[in-house]
Amino acid sequence: MSDLADLYQQVILDHNRRPRNRGKLPTANRVAHGDNPSCGDQCSVYLRLDGDRIGDISFDGSGCAISQASASLMTTQLKGKTAAEAEKLFGEFRDIVTTGNAPEEISDIGAFAGVHAFPARIKCATLGWHAALNALKGDPVTATTETHKD
Amino acid sequence: MSDLADLYQQVILDHNRRPRNRGKLPTANRVAHGDNPSCGDQCSVYLRLDGDRIGDISFDGSGCAISQASASLMTTQLKGKTAAEAEKLFGEFRDIVTTGNAPEEISDIGAFAGVHAFPARIKCATLGWHAALNALKGDPVTATTETHKD
Amino acid sequence: MPDWNNVRADFPILHQQVNGKPLVYLDNGATSQKPRRVIDALVHYYERDNSNVHRGLHTLSMRATDAYEGARARVAKFINAADSAEVIFTRGTTESINLVARSWGHAHLKPGDVVLTTEFEHHSNLIPWQQAAKAAGATLKFVPLLGADGEGGLDLAALDTLLTPQVKLFAFTHISNTLGTINPVTELCRRARAVGAVTVIDAAQSVGHAPLDVRQIGCDFLAFSGHKMCGPTGIGVLYGRRALLDKLAPDETGGGIVVSVTYQDATWKPAPERFEAGTPNVAGAIGLAAACDYLDALGRDKIAAHDDTLVRVAMEKLSALPGIRIIGPRAGAERSGLVSFAFTGVHAHDVVTFADEDGIALRGGHHCNQPLMRKLGLTSTTRASFYLYNTVEEIDRLVASLQRILKFFGP
Amino acid sequence: MPDWNNVRADFPILHQQVNGKPLVYLDNGATSQKPRRVIDALVHYYERDNSNVHRGLHTLSMRATDAYEGARARVAKFINAADSAEVIFTRGTTESINLVARSWGHAHLKPGDVVLTTEFEHHSNLIPWQQAAKAAGATLKFVPLLGADGEGGLDLAALDTLLTPQVKLFAFTHISNTLGTINPVTELCRRARAVGAVTVIDAAQSVGHAPLDVRQIGCDFLAFSGHKMCGPTGIGVLYGRRALLDKLAPDETGGGIVVSVTYQDATWKPAPERFEAGTPNVAGAIGLAAACDYLDALGRDKIAAHDDTLVRVAMEKLSALPGIRIIGPRAGAERSGLVSFAFTGVHAHDVVTFADEDGIALRGGHHCNQPLMRKLGLTSTTRASFYLYNTVEEIDRLVASLQRILKFFGP
Ligand SMILES: Cc1ncc(COP(=O)(O)O)c(C=O)c1O
Ligand SMILES: Cc1ncc(COP(=O)(O)O)c(C=O)c1O
């Protein structure tokens, strides 16, 4: 159970039960969709770019607790960031979920460190992020996690 | 070696070295071709039907000693026979090569009894016979031993 | 009656711990485990007889050919085909269906024709027909599924209007891998025949679980996979009626299927060789024959009864869980030994991950059945699928695990 | 240098008597034998890890997926592919070539186009191109073979005229299974690239016998079979350059290859999944990876040198037999470890049957190379093909057996 408790941290359960920024963002000027074809998880990310910063962001979709909580937490983290900052943060997030090492100064996204013990779930954790980055690139195509090597 | 000596009886070696009735029969009014696609053995049978009897018969082709000797011996056996007699004889021949039992009253074709110990060679021994029966049926199509269950 | 506990001893893989708990393998709908006898058949082949088949005259090659063709005859008997030549070895159900969709589809489908299938086919018995219909300009139509939870099975009344003479081919599953529905295949074949439609049955979920007789069913083609019936991976079967096979062109071409080849052209051997270009999965076929022996020694009727016992127990106990939605028919003659369910508020993947922590192997997802999921308003379900080595105690462990999960994710 | 006698101990099948004599297996061109390590890998998989891949989140399924994808990475390394995704698992060479001929051919070939191949292709690298050319209204052309006995190899001068911009695809074998010719594949790819033709290499006879590097060769596609390189039956590979694969439509369709499916339509995952519909031969892939490990541990350069030693000895001793005609190049850099020959007055099948009586496994026939046989004025040859476990003493036994046969059939 200790691995599982690590995977389903309180933060994650909380975001899963009460997702933040969920639903279509009416003012969005960018949108992208992510698919995890093996699982059927789906995630759409809506964002409004104000200049080069993310003015507002939301997500919608269906999937496991990991994918939904990750997308929810992500929206709270990306608001106000530039594309470059978002990419940097995703890099850190990806390191956390693949290695299990969460640097101390990183707080909320560190809750996903437990994912690294469940390699099949890494795709779930990164699904929303991939969609967000695609939206930032202005790339409305479907992001499928199968094309990404994480 | 005893199985092999049984397979390559003197009669067979003799027919292989000095095939009888080999070559195209100029007066033929029936012809059929046999193919053993797995081995590449080939055999064409030419015959002249005079009324309901085989007036003359020859064969041509290439293949192993068993297939060539069998076709050669066959031509010597079928001359003068009716289609019904030819079919009966083939039935006997097939029994011999599949069971190894050659009734005493049967002479030359009994030499093929040794084939039964080499099931993969049964097709070689029957190739010419299949072509001959097809020719008798007026069926000029290629007989492939793959379609026959012997 | 076989002693089902002895049966477990035949399967080496079952005797292991997963996450510190004895393995409970309930993912038989995806693939089955292999008895010692099947593994031994593979080892014996590679250690004694391995050789290429058909084209050799030396001892090993003749032994390999006899074993391979013997396997074909064994499989023919397993499904009661009239003739071994009606058994074509493929990689599995998917390849078997593709073979028919391409070879038969290319030769027979024209614009305006209809290909009929059902609303709950596995992607492997759906997409090949989408492709064949598109290539020919034909239309793909679907026999509806009845009931909000798919509990009503195929809409046989709708079949009256759907089965017109425009229908050239009717493809349907014997048992749904998602709903557990057992289709009335003999009746479906009879009705298809009445309008002259060719029938293709996806028997992936059925052939290893209950007696099956292609002549009694009266189908034209039937596809299945070895790996779901205690056989090796990489081997499957397309059964086809001889009269139809002999008129089909080969699907794949190459060595072993030809009578005569020139630089520009080739002519084909009859079935089954015509459809088996290249070196086949010889060991796989031999392992599949060993699986047939194993299942028939136990009795497929007994296996079906065992599956039925388990699914009745499972459905009764699962129904009592809060917020559960079970899809497919009730336990009984129309329900096979599997059960798919969804919980309000807990996603299938989280269920599977938690169950795995308890040593229980389940499957969660769309089960290669996306359009059906959408129709039922679901994105995924959790599936427990049973086989001969499962026990009632394992179902108790499943239920206990699910209770714990519901508690964890509960409000 | 590996100790080649120890190598024999790795292959259980070799230690048996055939017709009362120790087995001499010289039919490696048809299929190779399997070392203990490969057999053990299969058994281990079925006894510990067996599960369906990709779609499962439970422990066995993750283990099976890791092992299967690990096998893909292992094979990618074996041929030095840039990316595991360039390795598609198929049943074997024949299926790999069919996949390209159909998917690529359907998308790219038009009337007036030319598909180029050679006069000495195996049926599996000939008939699929006949079919593809016919379907598209394209023309199939052949690079000639030089020499009355095929000893001159490919006519590279003729290539200058044949390799026009009309040539859309050039398919050729790396090593001829009948002649033993080793083609200059790097040069052929370079020249094809110069006219913009896609290259397809049939590596069935080469990949297990010598080092092979797809990037150094510069090919677009390359096909091979596991069973000829110490791996299991029923598994093979299509290597394809990523840039080309991502633009190809799937060949077979079904579960596992899709992103999204509706009742009427489907969208595809990228390579390699796109080309692997249905449950793959998981155990086969794992066994193939074990074969890669085995061969690389010995060193493929050493295996090539060993093959070369054997073929030199064999050709020297065989040349001395009366009435023998050996086809293909002389021993040396252009000759692989096999030798095909014909005797005046003694047919190949009689040779094979007699040799078998001495425990020696040879192959006789057209070697899936009918047009080449016809060109050389032959109907069949006898072939002895060597591999890592063969010895010089075995060649002596072969020669002695052939002498006895010639005496038996002699005048
Ligand atoms: C040169 C060559 N190409 C293709 C093949 C076909 O390989 P497979 O039968 O494994 O598909 C073979 C083997 O028979 C071969 O030797
Ligand atoms: C009903 C059904 N059809 C087809 C298939 C496809 O079988 P395979 O993956 O062995 O080709 C499956 C299994 O996944 C199935 O359950």
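Quick caveat, the model's predicted, so the values are computed rather than measured. So that the names make sense, note that chain A is the first sequence line, chain B the second, and so on, each numbered from 1.
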Taking side chain as everything from C-beta outward and backbone as N, CA, C, O, which of these in E121(D) sits under 4.5 Å from a heavy atom of chain C? Side chain, backbone, both or neither. neither
Proximity breakdown for L42(C) and chain D, heavy-atom pairs closer than 4.5 Å: side chain
Pick from Y45(C), F89(C), W129(C), Y46(C) with the largest number of heavy-atom pairs that fall under 4.5 Å of chain D: Y46(C)
If you take all heavy atoms of Y263(D) and K375(C), which pair is closest and at what distance? OH-CD, 3.8 Å
Residue part contacting chain C, namely of I235(D), when any heavy atom lies under 4.5 Å: neither
Heavy-atom pairs under 4.5 Å with chain C are the metric here; pick the option from H349(D), Q264(D), K228(D) that has the most. Q264(D)
Is any side-chain heavy atom of T262(C) closer than 4.5 Å to one of R374(D)? yes
Identify which part of M62(D) has an atom lying under 4.5 Å from any heavy atom of chain C, answering side chain, backbone, both or neither. side chain
Treating E252(D) as the side-chain partner and T94(C) as the backbone partner, does any N or O pair qualify as donor plus acceptor under 3.5 Å? no
Check each atom of D40(C) against the heavy atoms of chain D and say whether the ones under 4.5 Å are side chain, backbone, both or neither. neither
Quick one: of P371(C), A266(C), A64(C), who has the most non-hydrogen atom pairs under 4.5 Å with chain D? P371(C)
Test item: I13(C) and L60(D) side chains (from C-beta on) under 4.5 Å apart, heavy atoms: yes
Leading residue by heavy atom contact count with chain D [cutoff under 4.5 Å; candidates T93(C), L23(C), N98(C)]: N98(C)
Under 4.5 Å heavy-atom distance to chain C, tell me which part of N50(D) shows up: side chain, backbone, both or neither. both
Contact part of S51(D) toward chain C, heavy-atom cut-off under 4.5 Å: side chain, backbone, both or neither? both
Toward chain C, the part of T117(D) with a non-hydrogen atom under 4.5 Å: neither
Heavy-atom pairs under 4.5 Å with chain C, option from T31(D), V38(D), T353(D) with the top count: T31(D)
side-chain contact (heavy atoms from CB on, under 4.5 Å) for V259(D) and Q370(C)? Distances and angles first, verdict last. CA-CA 10 Å; V259(D) 173; Q370(C) 288 185 20; over 6 Å; no
Ignoring hydrogens and angles, tell me if any N or O in the side chain of Q16(D) forms a donor-acceptor pair with the backbone of R48(C) under 3.5 Å. yes
Begin from the C-alpha positions of D356(D) and L57(C) and carry the test side-chain contact (heavy atoms from CB on, under 4.5 Å) through to its verdict. CA-CA 8 Å; D356(D) 187 55; L57(C) 292 168; over 6 Å; no
Pair I127(C), W268(D) - check side-chain contact (heavy atoms from CB on, under 4.5 Å), show working. CA-CA 11 Å; I127(C) 311 178; W268(D) 320 123; 3.7 Å; yes
With a 4.5 angstrom heavy-atom cut-off, could you sort out which part of P232(D) is near chain C: side chain, backbone, both or neither? both
Under 4.5 Å from a heavy atom of chain C, the part of V261(D) involved: both
Closest approach of S124(D) and G255(C), non-hydrogen atoms and distance? OG-N, 3.0 Å
Got a donor-acceptor contact below 3.5 angstrom from the Q131(C) side chain to the T253(D) backbone? no
Give, as side chain, backbone, both or neither, the part of Y25(D) having an atom under 4.5 angstrom from any heavy atom of chain C. side chain
Part of R63(D) within contact of chain C (heavy atom distance under 4.5 Å): side chain
Is any side-chain heavy atom of H227(C) closer than 4.5 Å to a side-chain heavy atom of N281(D)? no
Using side chain to side chain donor-acceptor pair (under 3.5 Å) as the criterion, point out the one residue from K34(C), R36(C), H15(C), Q33(C) that pairs with E47(D). R36(C)
Looking at every non-hydrogen atom in both residues, tell me the closest pair between R91(D) and T90(C) and how far apart they are. NH1-C, 3.9 Å
On a heavy-atom basis, the closest approach of T59(D) and V18(C) is OG1-CG1, 3.4 Å
With a 4.5 angstrom heavy-atom cut-off, which part of D265(D) approaches chain C: side chain, backbone, both or neither? both
From the list S260(C), A285(C), P280(C), G284(C), the residue making the most non-hydrogen contacts under 4.5 Å with chain D is S260(C)
So which part of N369(D) gets closer than 4.5 Å to some heavy atom of chain C, the side chain, the backbone, both or neither? neither
Give the minimum heavy-atom separation between R363(D) and V53(C), together with the two atoms involved. NH1-O, 4.4 Å
Please give me the minimum heavy-atom distance between H58(C) and L362(D), naming the atom from each residue. CD2-O, 3.1 Å
